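Keep in mind that this is a model prediction, so the values were computed, not measured. Here is how names work: the chains are called A, B, and so on, in the same order as the sequence lines, proteins then strands, and each is numbered from 1.
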2 protein chains.
Amino acid sequence: MTLIKESSTIQENKSQAFVACPVTFVMEKIGGYWKPIILFNLLSGSKRYSELKKSIPAITEKVLIQQLKQLEGDGLLIRKSKPVVPPYVTYELSKSGKALHPVLYAMAEWAVGNSGKLSKTFSKQMKDFPL
Amino acid sequence: MTLIKESSTIQENKSQAFVACPVTFVMEKIGGYWKPIILFNLLSGSKRYSELKKSIPAITEKVLIQQLKQLEGDGLLIRKSKPVVPPYVTYELSKSGKALHPVLYAMAEWAVGNSGKLSKTFSKQMKDFPL
DNA sequence: TAGTATACACACTTTAGGGTAAGTACTTGT
DNA sequence: ACAAGTACTTACCCTAAAGTGTGTATACTA
């Protein structure tokens, strides 16, 4: 995790917007490209690290843990590990993580309605959407 | 606008996730850091370029137009310009842009409920939330 | 005549995020 | 003896996003 330069204008700009706009606050937490996908995959319940990997084949291991750590740090999910060999680690949504359900759901609904050709694919996914 | 290298693994990864996950589809459209904020500011109605700039002081001009162009390109908003001097350009949400309202609203609600100290600030903003 | 306002455009630099590849520790299966 | 599985970690590199600064056309105003 590379440190953030204090003089970074980007960060200053972000923190400006951050206090002013609730939507930006959300983007700070789940704005990373993979985060919504990870949360989406955890909506259906707790999963092992390896299960997540299988669910999201396109993500690399480094990025997956990186994002998981950040989400954990932001209190959106909870990591549970059993002290066994081989390791057994599960991730599940925290209370505020679960509270994101309406957001993810609204996103998915919008995708279904506004994706044109893809809508059929998405509609299938929506059938499995955990309500 | 720099061209995207076809061999880019990132893009391949993204397009993989893109077809598989509705949430990712949404992130493709509004995933940029500033896009939700811009959309949020346009929810209340059409605005001139300069008004947007004032509403979002932290964004630079370059990034603002860049994002506006992308949003326009993705069909989320409509640009209208009057052929006068000085120029008079307004931006407003398109139909699918307006359809994002539930998403933005869900985000804002989540922010109000999960921001701790900031919740008061956000609650004030929510009073002005265009329903 | 110089200044102001508007909505950009362009070139250049910085930064954060993400990708690649390799390694670790320990046990179980062949 | 050796590979395989598990959940990571580390070091290095590349790219896309974002920031900085300057320029432009035109009309109105002081």
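The CD atom of A:Gln66 sits 12 Å away from the C1' atom of D:dT9 (whole-angstrom rounding). Atoms CH2 (B:Trp34) and P (D:dA17) sit 15 Å apart, rounded to a whole Å. What separates NZ of A:Lys82 from P of D:dC8 is a distance of 14 Å, to the nearest Å. Summarising the geometry, the separation between CD1 on A:Ile56 and P on C:dG18 is reported as 13 Å, rounded to the nearest angstrom. Protein atom CD1 of B:Ile65 is 16 Å distant from nucleotide atom P of D:dT24, rounded to whole Å. Atom NZ of B:Lys35 and atom C1' of D:dA18 are 13 Å apart (whole Å). The distance between atom CG of A:Leu64 and atom C1' of D:dT9, rounded to the nearest whole Å, is 14 Å. In this structure, the CD1 atom of B:Ile59 is 14 Å from the C1' atom of C:dC8, given to the nearest Å.
In terms of the side-chain hydrogen bond (donor to acceptor under 3.5 Å, both in side chains) criterion, B:Glu51 has no residue partners (sequence neighbours excluded). Listed by chain and residue number, nothing satisfies the salt bridge (Lys or Arg N to Asp or Glu O under 4.0 Å) test with B:Lys53 (two or more places apart in sequence, or in another chain). Here A:Glu61 pairs with A:Tyr49 under the side-chain hydrogen bond (donor to acceptor under 3.5 Å, both in side chains) rule; sequence neighbours left out.
For the pair B:Thr60 and D:dA18, the criterion of a side-chain N or O lying under 4.0 Å from OP1 or OP2 is not met. In this model, the phosphate group of C:dG17 is not approached by any side-chain N or O of A:Gln70 to a distance below 4.0 Å at OP1 or OP2.
For residues 57-108 of chain A, the pairs satisfying ring pair (Phe, Tyr, Trp, His ring centres under 6.0 Å) are A:His101-A:Phe129, A:Tyr105-A:Phe129, with sequence neighbours left out.
Of the possible donor and acceptor atoms, none in the side chain of B:Ser96 sits under 3.5 Å from a partner among the backbone N and O of B:Ala99.
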Between protein and nucleic acid, restricted to nucleotides 4-7 of chain D and to nitrogen or oxygen atoms under 3.5 Å apart, what atom pairs and distances do you find?
from  : atom 1 : to      : atom 2 : distance (Å)
D:dT6 : O3'    : A:Arg48 : NH2    : 3.2
D:dT6 : O3'    : A:Pro87 : O      : 2.9
D:dA7 : OP1    : A:Arg48 : NE     : 3.0
D:dA7 : OP1    : A:Arg48 : NH2    : 2.8
D:dA7 : OP1    : A:Pro87 : O      : 3.4
D:dA7 : OP1    : A:Val89 : N      : 3.3
D:dA7 : OP2    : A:Ser50 : N      : 3.2
D:dA7 : OP2    : A:Ser50 : OG     : 3.1

Protein-nucleotides 10-12 of chain C N/O pairs under 3.5 Å:
none

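In this structure, the side chains of B:Lys69 and B:Gln66 stay at 4.5 Å or more apart for every pair of heavy atoms.
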Might you work through the side-chain contact (heavy atoms from CB on, under 4.5 Å) test for B:Glu109 and B:Met126, ending with a clear yes or no? CA-CA 8 Å; B:Glu109 282 241 300; B:Met126 287 300 280; 3.9 Å; yes
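Each of B:Ile30, B:Leu42, B:Leu43 was evaluated against B:Leu100; a single residue qualifies, B:Ile30, per the side-chain contact (heavy atoms from CB on, under 4.5 Å) test.
Both B:Leu76 and B:Leu64 belong to a single network of hydrophobic side chains, linked directly or stepwise wherever heavy atoms of I, L, V, M, F, W or Y lie under 4.5 Å apart.
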